[in-house]
Number of protein chains: 4
Amino acid sequence: MVKVGVVGATGYTGEEIVSALLRNPGVEITALTGLVEKEALFSELYPRFAKKISLVCRNLDVEDVAAKTDLVFLALPHTVSMKMAPQFLEKGKKVIDLSADYRLPPEVYKEWYKEEHSDKGNIEKAVYGLPELNRSKIKKALLIANPGCYPTSVILPLLPIMEKVVQAGSAVIVDSKTGATGAGRKASVALSFGEIDENLKCYKANEHQHMPEMEHILSVASGKDVKINFVPHLLPVKRGIMSTIYIPHKDLPDINDLHKLFADYYKDEPFVRIAQPGYMPQLLDVVETNFCDIGIKSAGGMLIIVSVIDNLMKGASGQAVQNMNIMLGVDETARLV
Amino acid sequence: MVKVGVVGATGYTGEEIVSALLRNPGVEITALTGLVEKEALFSELYPRFAKKISLVCRNLDVEDVAAKTDLVFLALPHTVSMKMAPQFLEKGKKVIDLSADYRLPPEVYKEWYKEEHSDKGNIEKAVYGLPELNRSKIKKALLIANPGCYPTSVILPLLPIMEKVVQAGSAVIVDSKTGATGAGRKASVALSFGEIDENLKCYKANEHQHMPEMEHILSVASGKDVKINFVPHLLPVKRGIMSTIYIPHKDLPDINDLHKLFADYYKDEPFVRIAQPGYMPQLLDVVETNFCDIGIKSAGGMLIIVSVIDNLMKGASGQAVQNMNIMLGVDETARLV
Amino acid sequence: MVKVGVVGATGYTGEEIVSALLRNPGVEITALTGLVEKEALFSELYPRFAKKISLVCRNLDVEDVAAKTDLVFLALPHTVSMKMAPQFLEKGKKVIDLSADYRLPPEVYKEWYKEEHSDKGNIEKAVYGLPELNRSKIKKALLIANPGCYPTSVILPLLPIMEKVVQAGSAVIVDSKTGATGAGRKASVALSFGEIDENLKCYKANEHQHMPEMEHILSVASGKDVKINFVPHLLPVKRGIMSTIYIPHKDLPDINDLHKLFADYYKDEPFVRIAQPGYMPQLLDVVETNFCDIGIKSAGGMLIIVSVIDNLMKGASGQAVQNMNIMLGVDETARLV
Amino acid sequence: MVKVGVVGATGYTGEEIVSALLRNPGVEITALTGLVEKEALFSELYPRFAKKISLVCRNLDVEDVAAKTDLVFLALPHTVSMKMAPQFLEKGKKVIDLSADYRLPPEVYKEWYKEEHSDKGNIEKAVYGLPELNRSKIKKALLIANPGCYPTSVILPLLPIMEKVVQAGSAVIVDSKTGATGAGRKASVALSFGEIDENLKCYKANEHQHMPEMEHILSVASGKDVKINFVPHLLPVKRGIMSTIYIPHKDLPDINDLHKLFADYYKDEPFVRIAQPGYMPQLLDVVETNFCDIGIKSAGGMLIIVSVIDNLMKGASGQAVQNMNIMLGVDETARLV
């Protein structure tokens, strides 16, 4: 039985990993850590885990966690992961990192995350954990850079058309909307119910730190210089991301051909679904699941794509578990349905 | 004292007109109609009006309403208004119509509303009731075509830049998000709480009936052939519209000049506010008010505009009352603050 | 492999049964019916089931469904089930009925559901499907009357104290709050987002049809004449019921003894959890799970109990699947974690 | 023109007072204070006030505020108000305090707010600002203890029946539900959207600090020793309180007589409404208004009362403005409709 630790289990993504791992046997959770005043049963911190897991949650002690596990999920804030990951790697543990710390080249990282990267050596060894793009590399990886939530919702619908539709240098417009758990479990007036309920807020228009991640991964994957105009919005929902993508194009392929292109590209993927022609997917289609649903429409010289994911599942923890399944060589959908 | 009737008072927009009219003296509500099983005190149908108004709500009887009023608001479904408006006009009553029936040329109307217009003669006489565009015509109007909610949120932010930024034939991209009252008070599974709560849904992408209204009004106002790519989304909020507008442009004016352009354009308008540089307005800034707030940002060869309104206020009933105030020659902000 | 049919799969509870059954192997869904304009893939009606199930959903044809199944779930409206259940029973199929049709003595049924019962003979044979009360009978049952959502949230927390605390004839006060899916998927103004969002509504105070169900089951179980004062409220949430129960008592046992009483009573139950002393459970602890969580507090000569369930899970479909598991003699928690 | 200051204008109640005061002329806001990093236009802190007020918001300087005002609203946390109020009173300013600091006898205050009262001398001089109870005293008051939100929702529906129905020593059961703004604008995980949305939480059952306020005011008003069992719940709505009140009684008056009793008691009150027989008021009836709506029902030897208010209006700021109107001798409903 593979022994797994969840570092940062008290945040939304950490908690979601625990939930997924409990859903099916085959792996055993042997360590849980979080910022806690004093160690306590995880089910006392979060009563929803009573009668489900009887493990104590402690503040992180790398030695202790490493001694108990074969693989660790790091559900830590950006710039914290890069201090912890190398310690686990040195001890021969596999690491799936949910932060942004291993997703970008070091100079791009510094520009957007405002801190010099402290573990540059491992950036190159890390595999960007998008199974639909890197499945064979993930199988052999020791360190996974689990993709960002917004980038997952944007890269998956663009991959099939990088060759035929997306033009180098020509800006793709991405209008994204996310649920509030995307910002994590935090004490903040801006995240309080009174400020989010019945509201919609545009933030970091064209200056969100996930924009360079989209551009970097798509450029590497396609060999083209991809430009994204990315404008995120904060929705009054708990979970879910919708990205509405606009690609102006003078000479679009026929919509049926485009539909076939998408459907063929993802026909063997367990967690990507192409909507029937005429239907645009909605958040409820994917919330609480690991699916990414994609719908397309062509009109007025414009390709319009709608993609939806659950930000905590395919956008974070579900994808992390999918990566774990691939690394362990077990059924990729285990614990995710 | 001017005597006013509200036809269709049992819908969300009708109810909102009643609320506004009760807020300040100067006009008297003398008739309320709606689809009711039997006539009843309005405050029995909607207990929130108890101790506020003691008028009976009846099914529409044009003779009766006309006999009691000087001016009527028609808060009726599309294609119903055009049967009623001419009857009130013939009897010398002023009409403010909140439906789409008098906003478009008859051939465009037929294409989008799937019905031959039955009152073509009055379309030309109708004034499109956007005070910021047509104030002087509204003063003398007998029939007001009150603007649609989405068009109000799109036309107001585009008017100041029609000359210098928006290019003929080049598509403007509008990603709009609306609250659920936008669809009216209706029995419908699609509008039920279980389907809208925690959801986000894209609908009628590039085929919504408000798109030709935006294009028509902006084209007439600017003398340019304006093309809009309009994609609306249904939000899990009760009130509010946000339109995020993308205008790709190779040679954008400096953002400070653009900001000044907007601020100057609307400096004397009581209900349009230009956000401070760096701030993008949110729904909560305008909900329950008659304001349209506009924020702008320039990045990556793209002008990004965010505009927000309350769909029931500036997007419908508030604007209707603003039009009434202008027609009556009283303070334009009366009953709206 | 046991073959199962879901009759009424297009409602919220039917859909939830399908989701649960898909979660683990061991049973096979072989028939889906619902009120559909024309037969269609279930995943076309509900795209969230794409890549999960490829079965057609048809209007109900009893012969057809019976021929394909060993056991059927009836997720039908009250008064419809009693027409269908006997047909399936005659053909030797096991039936789990989620309506109220087999929960009450016929004369009580008639009083509250306003219709003469048309299948009285089967009422006696039906087993009230609350596993914590009737597990051994459920094992052998041919017809299960699956409990109502509110009654489940009230009966479970009262069972442990029927002997020592609840007094015959003395009214227990139950203030319940439910999510909107409790009313089913329906076109209704009262269920529309605009009427439920940001609202709270008390309805059918002391005249809800679930009140006699609570009284009947508790009276039979305890041999006492139990009286309930039941006041339900409609919450702006999708799922979940909280029942806050007040039992005035002059001579309450010590709270620690009470806590032990509850904990002992349910210590072997997989789906009932007693909260740690000092903690009152909240909806989020149980939403999307089959648990019933119970918290207790004693103060001012009053025992206060808070119980929470997911109305679609332990309150309906999850409990129905739990009953199926018991009837099939498999792990009771299969498909429910 | 009366000059008014709002101390604590950056919280939800402070902001709501500003909104109300702006609605009608007759008073002038001359000072705004709040915890701000540096002084700024109130409309820069809260863009929803742009084009409505152009006053700077500063950290509190008592000298400065007193010099500019005749009357101040203190929208400060408990235990802070009692340090500020005496300073304004000494300078001859009228004070309307929205905290709990002047509502209770000093020994009860200390027991529930865990701090020795530092301004005992003014407690006796303060008038409990419930106009329906103390209108004539409010007219002459120099210091108003503005009632708590929950107490307002409980005292108003109990006042009419203190003599004939509520029995000394016999516990009244109050199950209350409040919107999230009741806790103020704060950075707190417990108040974050992710924890409140789709949730319902019972808290401080029978140990909330508003319970002694209800008991004290009702006991003084009736001359009876009133006992309340008060259990509050946190709702996923922004505004509104519903209190469902249960009064077991062996010999209840006829429901029609009870209805008449309530209706007569409040017939001249501008902000209390008794629901039609058969109707129970809901939050939407009163949200954004200063009304308290009350519905009653009698069943099973129990009187059931439902009362609803907007916690920020009749439960705090609206009532404060109503008190100001009374103190100033102007129309009591000014700025509140």
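The chains referred to below are lettered A, B, ... by the order of the sequence lines, with proteins before strands, and numbering in each begins at 1.
Ranked by non-hydrogen atom pairs under 4.5 Å with chain A, the options B:K177, B:K227, B:K238, B:E195 are led by B:K177. For the set A:N229, A:V306, A:I228, A:I304, the entry with the most heavy-atom pairs within less than 4.5 Å of chain B is A:N229.
Both the backbone and the side chain of A:D175 have a heavy atom closer than 4.5 Å to some heavy atom of chain B. When heavy atoms are compared at a cutoff of 4.5 Å, A:K201 approaches chain B by way of both its backbone and its side chain. For A:K297, the part lying near chain B is the side chain, with the backbone staying farther off; criterion is any non-hydrogen pair under 4.5 Å.
More than 12 non-hydrogen atoms from other residues, nucleotides or ligands lie less than 6.0 angstrom from CD of A:E207. Within 6.0 Å of NZ on B:K204 lie more than 12 heavy atoms contributed by other residues, nucleotides or ligands.
Residues B:L200 and A:V237 have side chains not in contact (no heavy-atom distance under 4.5 Å, counting atoms from C-beta outward). For the pair A:E198 and B:V287, the minimum side-chain heavy-atom distance is 4.5 Å or more.
Between the OG1 atom of A:T244 and the NE2 atom of B:H233 there is a distance of 3.0 Å, given to the nearest 0.5 Å. Expressed to the nearest 0.5 Å, how far CG of A:N199 lies from CE of B:M242 amounts to 7.0 Å. Note: B:M302 CE to A:I173 CD1 = 3.5 Å, rounded to the nearest 0.5 Å.
The interface of residues 307-316 of chain A with chain B, defined by heavy-atom distances below 4.5 Å, is empty. Along residues 277-285 of chain A, the residues that come nearer than 4.5 angstrom to chain B, judged on non-hydrogen atoms, are A:M280, A:Q282, A:L283, A:L284 in order of number.
Scanning all heavy atoms of the two residues, the minimum distance from B:Y246 to A:V174 falls at OH-O, 4.3 Å.
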